[in-house]
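To start, the structure itself, in structure tokens.
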4 protein chains.
Amino acid sequence: MSKAPNAARRSESSRRAILAATEELCGEGGYGRLTIEAIATRAGVSKKTIYRWWPSKGAVVLELLDEAASVAANPPDSGDLATDLRALLTEVIGLLTPAHSSPAIGLIGEALHDPDLARDLRERLIQPRIATFKERLRRAQETGQLPADADLDVALDLLYGPLYHRMALHLGMPDPSHLDSLIAHVLRALTAPHPAGAAEQR
Amino acid sequence: MSKAPNAARRSESSRRAILAATEELCGEGGYGRLTIEAIATRAGVSKKTIYRWWPSKGAVVLELLDEAASVAANPPDSGDLATDLRALLTEVIGLLTPAHSSPAIGLIGEALHDPDLARDLRERLIQPRIATFKERLRRAQETGQLPADADLDVALDLLYGPLYHRMALHLGMPDPSHLDSLIAHVLRALTAPHPAGAAEQR
Amino acid sequence: MSKAPNAARRSESSRRAILAATEELCGEGGYGRLTIEAIATRAGVSKKTIYRWWPSKGAVVLELLDEAASVAANPPDSGDLATDLRALLTEVIGLLTPAHSSPAIGLIGEALHDPDLARDLRERLIQPRIATFKERLRRAQETGQLPADADLDVALDLLYGPLYHRMALHLGMPDPSHLDSLIAHVLRALTAPHPAGAAEQR
Amino acid sequence: MSKAPNAARRSESSRRAILAATEELCGEGGYGRLTIEAIATRAGVSKKTIYRWWPSKGAVVLELLDEAASVAANPPDSGDLATDLRALLTEVIGLLTPAHSSPAIGLIGEALHDPDLARDLRERLIQPRIATFKERLRRAQETGQLPADADLDVALDLLYGPLYHRMALHLGMPDPSHLDSLIAHVLRALTAPHPAGAAEQR
DNA sequence: CGCTAACCGAGACGGTACGTCCAGTCTTCAG
DNA sequence: CTGAAGACTGGACGTACCGTCTCGGTTAGCG
């Protein structure tokens, strides 16, 4: 993360052992039970070695997730927008499941009070997904599936929002039919003619 | 929380001192820096007294928030649905601001890995707001501002979702115009005619 | 102990329950594990009631021992001095056995850093035994079994000393033959003619 | 005590600071007031460091005493047995004085209900003194000052016993003349001819 | 024979110390 | 002369008892 002292001499085998140990321990006790001490012991590595390359346990987990789930730079494009959006959302639902042992959720929880981690999380895991998502919508605008003036930021909020809403409030991820309903509503909102003023006054 | 050993003999003055100390300390160092030890010291109370009545620091903070922001059982009803929704959302935005020292956010973060706390949080802070929200929408259905078959759960997800989305990803709360835009989109989605099937297939 | 607030109204049943609970708990976990809280709970009595009548757990245990092992004011007198001494010493050995769960040993340990308890212990348990012991020796002087000028304080030290020596150093109580040997040596010391000065110089 | 995890890396400066703090605090408040917390604070050391190397506060105090008062392996030998015994006993009297703040007495009190500590105490403080004592008596046998068949264990009991007797019962250590009298009696007992049977029957 | 003072149980309270855990830094030693 | 092993300070954790302190609810004995 951030500035490596001297990446040239970094031991790849230690790095792998640390990430592997992190994955195991995360699976065993969940993110909450995870400690740097335990990672070091399990990986057969000194704590110092971990602190040398990562600023916090969150950063280690972040790197783990980053490796595991790298995003295709190119969005899926089946021709059907709803289908592709469903695929994109489903991937995120996968990351946020199961509620009590998902490393991603642990990471998000930690990032809530660690701005540095939050920044890394956003840059490395979130932004790529957002970019992919917007790219897909942009293509939909090009093909006329969405109006050219559709607000993509609003679309982002409306589509991903429910997932985080439900994560934060432990409400359970939307089931497939609810997910389809959400997508349908959002597409309708983006497509429907602006009813002259509605809530735009102010 | 839940079943007090013998609430009758509970010292109200200790309880008040604890909540006051919690509020102060939360303001000073944020939820993350808050410790039971510090609360006890500041409140002039023994740790045992805290543990006797609350299972965790999260529970104390929850009670603090619960007292501070009790919800009117009756939703606002100015006649204009968008206005009332804006008011409801703004209240939650207030709870989730500022990002790095809001006790509510700390609480949500903690609840992510503490199911007991999550349950209390949901029951005591969240559900009342959801109920109020749905009640307002129900009235809107009665007055014809919303179709009778509008899916209120979807409305909930679409309106509150963006707030938690932005909280979780440290994206900053929506500014007023963005908020209005969100509300307008959602109302459009709920009101617009279902375009024959769109994404309902499956 | 000492000044009861108003002994008249004291509940005998509580007193008995407390002593009984103390005995049980002492047997279960040893003196070290004994706590006022546990006594109160087991006896179905409030802690206040214990503190009202006894200044410390040591005092409770002392009263327990005092009741259990009251000394005959009159020493045994079989005619044979060694036999009677053996009986007196054996009684004390009984109190100091078994090494790790004897309430008496616990009490002595506590008295080592509690002068008040030490005083009570001496007055109520020890002095009566010393008096009895000396009384027996005095009779032996009268019958000529011991010289009239035998130093009874030295006899006390030499005969009881080894028991406390062994208790303090966890060396195990003397077995019967060793005990007899000790008695024989001491009687010889008291009876033998003073070898003109020997160690009396100074 | 016993098996250090890896004594090689142990910080000698911490060890010294801990023992020094222990000595100070013992002097200030007596063994009873001594706590691990206070030692750690005074020594500028974390509690963990104390618990890493010693199992209990007793063990720390034991090490302190062990360093302070190491015994000459060779007993004093002035030629006069009584003189040398008086010296040996006086050293122990020094350890057991003053009654209410002697660390040694605190240690003995603790050992009464802590078998592990008792064992260490015996092995590290007591046994060496016993060995020295017996060695001196053995020499006395060689020079004919004591009969070859004198029972050295009995001598040990009779000479050291009174000290522990008086410690346990808070009777005050013997004054010099009483001490001389004790020694004289014991030497007489060991030297006097066995009066045909006396208490040897049984 | 009813008042009132002390008892009683229950257990909450402010405290002190316990022994454990983990964070993050610093030191030692082997390769 | 690097890096693993791990000892170190620091500080919060949650627990156990301490001895004190209300609470109501009996009793007991005096007036």
Side-chain angles (χ1 to χ4, degrees), chain A residues 5-6 9-11 14 17 33-41 43-57, chain B residues 4-15 17 33-41 43-53 55-57, chain C residues 4-15 17 33-41 43-57, chain D residues 4-15 17 33-41 43-53 55-57:
Chain A
N6 182 346
R9 300 186 180 242
R10 182 165 184 180
S11 155
S14 289
R33 296 275 192 271
L34 192 64
T35 66
I36 299 262
E37 300 240 348
I39 296 174
T41 303
V45 135
S46 123
K47 285 202 290 176
K48 187 66 192 246
T49 301
I50 299 181
Y51 283 112
R52 190 157 20 230
W53 302 106
W54 291 277
S56 67
K57 77 165 174 171
Chain B
N6 183 347
R9 302 197 185 261
R10 181 168 185 179
S11 157
E12 178 62 13
S13 70
S14 289
R15 186 177 152 277
R33 297 273 193 271
L34 193 63
T35 66
I36 299 260
E37 298 241 352
I39 296 174
T41 302
V45 136
S46 98
K47 284 199 288 176
K48 185 64 198 269
T49 299
I50 300 181
Y51 284 113
R52 183 151 31 221
W53 302 108
S56 66
K57 75 166 175 170
Chain C
N6 184 347
R9 306 200 168 193
R10 181 165 185 180
S11 156
E12 179 61 16
S13 71
S14 289
R15 186 176 154 277
R33 297 275 193 271
L34 192 64
T35 67
I36 299 263
E37 300 239 352
I39 296 173
T41 302
V45 135
S46 119
K47 284 201 290 175
K48 186 72 190 251
T49 300
I50 299 182
Y51 283 113
R52 187 154 25 224
W53 304 106
W54 291 277
S56 66
K57 78 165 173 171
Chain D
N6 182 348
R9 310 205 170 198
R10 181 166 185 181
S11 157
E12 177 62 15
S13 70
S14 289
R15 184 176 155 276
R33 297 273 192 273
L34 193 64
T35 66
I36 300 262
E37 299 241 352
I39 296 173
T41 302
V45 136
S46 96
K47 284 199 289 177
K48 185 65 195 267
T49 299
I50 299 182
Y51 284 113
R52 181 150 35 220
W53 302 106
S56 66
K57 75 166 175 170

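Just the heavy atoms: all of them, side chains too, but no hydrogens, waters or symmetry mates, feed the values below. Here is the naming used below: chain letters follow the sequence lines, and residue numbers restart at 1 for every chain.
- Residue B/Ile50 contributes atom CD1, which lies 13 Å from atom P of F/dT15 at whole-angstrom precision.
- The CZ-C1' distance, from A/Arg33 to E/dC22, rounds to 14 Å in whole Å.
- Taking every side-chain heavy atom of C/Glu37 into account, F/dC18 is the closest of F/dC18, E/dC8, F/dG10.
- Residue-to-nucleotide contacts include no donor-acceptor pair under 3.5 Å from the side chain of B/Lys47 to the base of E/dG15.
- If you check every strand for non-hydrogen atoms under 4.0 Å, D/Thr35 touches sugar and phosphate atoms only.
- Distance from the side chain of A/Ile36 is smallest to E/dA23 among F/dG10, E/dC7, E/dA23.
- Atom CD1 of D/Ile39 is separated from atom C1' of E/dC18 by 13 Å (rounded to the nearest Å).
- Comparing F/dA4, F/dG19, E/dA10 against the side chain of B/Arg9 picks out E/dA10 as the nearest.
- Distances from the side chain of B/Arg52 to the nucleotides E/dG14, E/dA12, F/dG6 place E/dA12 closest.
- When distances run from any side-chain atom of C/Lys48 to the nucleotides E/dA10, F/dT15, E/dC13, the shortest one goes to E/dA10.
- Contact between the side-chain N/O atoms of B/Ser14 and the OP1/OP2 oxygens of E/dA12 is not found at any separation under 4.0 Å.
- For the OP1/OP2 pair of E/dC13 and a distance below 4.0 Å, the side-chain nitrogens and oxygens of B/Trp53 include at least one atom meeting the criterion.
- In this structure, the nucleotide among F/dC13, F/dG19, F/dT9 sitting nearest to the side chain of D/Thr49 is F/dT9.
- Taking atom OH on A/Tyr51 and atom P on E/dC22, their separation rounds to 12 Å, with Å as the unit.
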